[in-house]
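Here the structure is a predicted model, which means the values were calculated and not measured. The analysis underlying the following values was restricted to heavy atoms, covering all of them including side chains, and did not include hydrogens, waters or symmetry mates. Naming: A, B, ... by sequence-line order, numbering from 1 per chain.
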There are 2 protein chains.
Amino acid sequence: MEHRIDKIKKQLHSQSYKLTPQREATVRVLLENETDHLSAEDVYLLVKEKAPEIGLATVYRTLELLSELKVVDKINFGDGVSRYDLRKEGAEHFHHHLVCIECGAVEEIEDDLLGDVEKIVEGQWGFEVKDHRLTFHGICKVCQKQAVAASSTNESN
Amino acid sequence: MEHRIDKIKKQLHSQSYKLTPQREATVRVLLENETDHLSAEDVYLLVKEKAPEIGLATVYRTLELLSELKVVDKINFGDGVSRYDLRKEGAEHFHHHLVCIECGAVEEIEDDLLGDVEKIVEGQWGFEVKDHRLTFHGICKVCQKQAVAASSTNESN
DNA sequence: ATTACGGCGATAATCATTATCATTTTAGAA
DNA sequence: TTCTAAAATGATAATGATTATCGCCGTAAT
């Protein structure tokens with residue numbers, strides 16, 4: 001953890017930004033909730049537990065800054081809010097998401113699934129790919145099971 | 001065009017919705033600007049040219065309705081607004097986008113690039129894919145050329 | 001003709017995000 | 001260490017997209 005904080009600190013310094021206590025607290029919250037997809041409000045509430053004096057605007061500013069530095073990715077699942085997702089260590093590409101349309105659960109996929117597709121896009125469309133966003137919408141394992149269970153209960157229908 | 005309007009009319013009727021003049025005017029605007037990615041405000045202004053009495057709220061309501069019926073897809077490129085994109089005739093899948101980070105141009109790709117990837121997701125993660133969103137961010141052909149031109153002009157640097 | 005209801009337009013309300021501004025903190029320079 | 005300019009912060013106002021409300025209208029069935 002400290003290692004990753006240090007790394008982010010260096011990234012900030014390289015652009016002559018500082019790792020202020022507020023920024024550090026925000027980064028720690030992101031690290032501690034790496035598997036979630038927190039909104040700015042979520043982050044704000046969590047940071048407040050450790051640093052109650054922080055303001056919402058500062059959280060927004062910090063998330064925006066981290067986003068510019070590509071430390072986090074700003075994503076949007078179609079509900080009205082932006083969510084912030086820490087890039088994995090040394091991750092070249094943005095990871096992918098599986099969003100369940102039943103329960104809303106979001107699962108992450110780290111594997112690079114798009115290598116071939118990117119080659120096609122670059123070759124066939126002459127488009128120089130810098131990043132991508134891939135989200136699948138569908139039914140997660142858990143909800144599939146529940147659907148099966150529900151249909152066997154109501155077999156009379 | 002009339003054929004597609006008819007089809008949408010039937011889709012509405014099948015859920016006991018009506019194709020009112022306002023809804024028809026909105027659909028026509030979408031059909032006439034099929035290659036664009038209009039925001040609700042954009043649609044509103046265009047519909048107003050034909051039907052000046054229409055209200056913004058009605059446009060939002062209509063777009064929401066069409067979205068539920070899967071006649072349009074609601075997409076989000078990270079600027080603060082939702083955009084609405086007509087599904088192609090008989091398109092099984094949502095199409096993909098290439099967004100240029102230089103000039104903001106958006107190109108569409110109709111080809112199904114994700115067949116193999118979806119198989120992996122279904123097989124390896126047990127996730128039942130219903131739909132997907134794929135957007136590449138990068139540099140479009142035009143901006144690539146301009147970058148080359150600019151660098152040859154400034155070769156002294 | 002009456003009524004019930006879906007749909008409408010105008011506009012107020014909401015909610016996430018951004019801008020403003022006075023104050024505080026910080027990193028060097030003196 | 002003290003001073004100073006720039007950067008950062010917190011509180012809050014402003015913005016802007018979207019949604020909710022509400023009174024009214026047109027239609028279709030009674």
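Of the candidate nucleotides dG10(D), dG9(C), dT17(C), dT17(C) has the atom nearest to the side chain of Ala40(A). In the set dT18(D), dG7(C), dG10(D), dG7(C) carries the atom at the smallest distance from any side-chain atom of Thr20(B). Of the candidate nucleotides dG10(D), dT18(D), dA16(C), dA16(C) has the atom nearest to the side chain of Val81(A). Among the nucleotides dA19(C), dA16(C), dA27(C), the one closest to any side-chain atom of Lys18(A) is dA27(C). Relative to the side chain of Arg23(B), the nucleotides dC8(C), dG10(D), dA16(C) differ in distance, and dC8(C) lies closest.
In this entry the distance linking OH of Tyr60(B) with P of dT18(D) reads 4 Å, nearest Å.
The pair Arg28(A)-Glu32(A) does not count as a salt bridge, with every side-chain nitrogen at least 4.0 angstrom from each carboxylate oxygen.
Between the side chains of Arg61(A) and Thr58(A), at least one donor N or O sits under 3.5 Å from an acceptor N or O.
Scanning atom types as modelled, one donor and one acceptor separated by under 3.5 angstrom connect the side chain of Arg61(B) and the base of dG9(C).
With the nearest nucleotide of DNA chain C identified for both Gly80(A) and Tyr17(B), Tyr17(B) has the one nearer the 5' end.
Regarding contacts with the backbone of dG9(C), a side-chain N or O of Thr58(B) is found under 4.0 angstrom from either OP1 or OP2. When the side-chain nitrogen and oxygen atoms of Gln22(B) are compared with OP1 and OP2 of dG9(C), one or more of them lie within a distance under 4.0 Å.
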